[in-house]
Amino acid sequence: MIKKFIDKLLGKSASGKGGRPDFGKRQEVGPQEHGIDPKLVDERALNVVHTLKEAGFEAYVVGGAVRDLLVGLRPKDFDVATNATPEQVKGLFRRAFIIGRRFRIVHVVYGRGREHEVIEVSTFRAYMDNAAAEQVAGNEKTSKSELAGMKHAVDSSGRVLRDNVWGPQDEDATRRDFTINAMYYDPETQTVVDYHIGIKDAKKRVIRMIGDPLTRYREDPVRIIRAVRFAAKLSPLGFKIEAKTAAPLVQSQALLADVPQSRLFDEMLKLLQTGHALATIEQLKALGMSRGIYPLLDVVVERADQPFVKAALQDTDRRVGESKPVAPSFLLACVLWADVRDGWAARLADKQHPFPALQDAIDDVFNARIGDVSGRGKLAADMREIWMMQPRFDKRTGSTPFSLVEQPRFRAAFDFMRLRADVGEVDVLLADWWQEFSQASDAVREDLVAQMRDEQHKGVRRVRSAPKPAQRDASRDQPRDEAPSRAAPAHEGDAPAGDTSTGDAPKKRRRRRRKPGGGAGGESGGGSGGESSPAASRD
């Protein structure tokens, strides 16, 4: 009893021999055994490692990138671990920024604008016994001033709030969550350093927690979500969560209540936007975790089998798999559309004006489903614009089509409407018309609008021609945050693009109309939603 008390005072843990945790045994594995293809390593990660080593520091590619390289996948992100402090790392690179409070890390930035890439560099951290950490009664916000001077602090539940103590590599490896994420790869010597049989677990396709799973989940409850994400991502390769690692997952969900909502929101987006959304939902159901992680995620899981939501999830997975941009606003707009649509219909039944009714329905959904977490910033503006454009697609005469197609969020709104057409919610002829219009030249657009005006006057319904799959796929794969590019002019003697007439004489072209001046055009049906501020990238 006295020994335990003294060990606690000295910050020792009883989890290993002599009061020390098991830091594993260092194993250096060469390329013939691990089989990593060095061509899969990003050149920017190579540059960071080389720069640090040239300055006299240790440096390795670390974490999920090493795991993916071992199983033959090309990593999407590369992290680097080093014994250099954040300040020392920052001093070696022209564009490097120290971020984070809980863990201070460095972002080394390459490129600019949408094409920029970030290599995340972390310093080896010491293993700290959380029983010896300073404890605060509140959380990151309520105890902000108290935490300012602390290097190692936990809250009342044992969740780590500060952990900025540097240490050796073996202790850094023990601090990491799963064995397959705790390996270090030197791309210059092509050596993998492994302390916790991570290579063996990778070959056995096992996701295993380092240390006691329940304790590790208590230290950082987000590990619960990470376990699900890795299982979903790696399940096609045969990976499964080890039984002891999976056993405490459900009972540990209650710990997520203490995690800041903004962090949970970000983790939810990682589950849905890393190319494995459908697999993630299946994992949540299989593990008995379909509810309780995050309220908005509960809605996604609940509606995942609905045709419209399922189509949106499939489309998101496909785009990520093809390295195309995705944005949370599009997927969440699809998930919550049923609430908006039903609220809008109820207001229309009460004889409210369509566009104010739609705006009120959207406000109700934001208040009920999203609240203050990212719901009043860019995310909400993009979602609102997608929804508010939907009734404007019904207006295909006058200047509305010309102004609508130039809106920054037109591509996302059109893809949204196309999904609605695919599940039978709107007429597929409407989606086909807008696809043709968006890809056409100015002259052909004039013809399409004039033809639509004539048909509306005569009460004639267009006969749908067979869609062109190649053209449709190319349209849907354009970035959703950009207005569509104009189609190239038709070759001399050819019919204009989109002209389906079969007469002998070519159709007379109308005089080209000047583009409308504002985003609203000259129509009253635009509403305020179509005039939202331009969105940036879908990423």
Would you call [X] and [Y] a side-chain contact if the rule is heavy atoms closer than 4.5 Å?
X: F355; Y: M388; answer: yes
X: R44; Y: F78; answer: no
X: Q352; Y: W344; answer: no
X: I225; Y: R263; answer: no
X: D37; Y: L69; answer: no
X: N47; Y: I119; answer: no

Under 3.5 Å, is there a donor-acceptor pair linking the side chains of W337 and Q390?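 No, Q390 and W337 have no side-chain donor paired with an acceptor closer than 3.5 Å.
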Can you list the residues that meet the side chain to side chain contact (heavy atoms under 4.5 Å, CB included) rule with A338, with sequence neighbours excluded?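 For A338, the residues satisfying side chain to side chain contact (heavy atoms under 4.5 Å, CB included) (neighbours in sequence not counted) are R303, R341.
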What residues, two or more places apart in sequence or in another chain, satisfy side chain to side chain contact (heavy atoms under 4.5 Å, CB included) together with N181?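 In terms of side chain to side chain contact (heavy atoms under 4.5 Å, CB included), with neighbours along the sequence ignored, N181 is linked to R67, D177, F178, R226, F230.
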F416/F308 under ring-ring contact (aromatic ring centres under 6.0 Å, His included): CA gap, chis, key distance, verdict: CA-CA 10 Å; F416 187 92; F308 184 58; 5.3 Å; yes
Inter-residue atom distance E267.CD - L297.CG, 0.5 Å rounding: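 That separation rounds to 11.5 Å.
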Tell me if the NZ atom of K285 is crowded by more than 12 foreign heavy atoms within 6.0 Å.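 Above 12, so yes.
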Report the relative orientation of the aromatic rings in W434 and F437; use parallel for angles under 30°, tilted for 30 to 60°, perpendicular for over 60°.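 Judged by the thresholds at 30° and 60°, the geometry between W434 and F437 is perpendicular.
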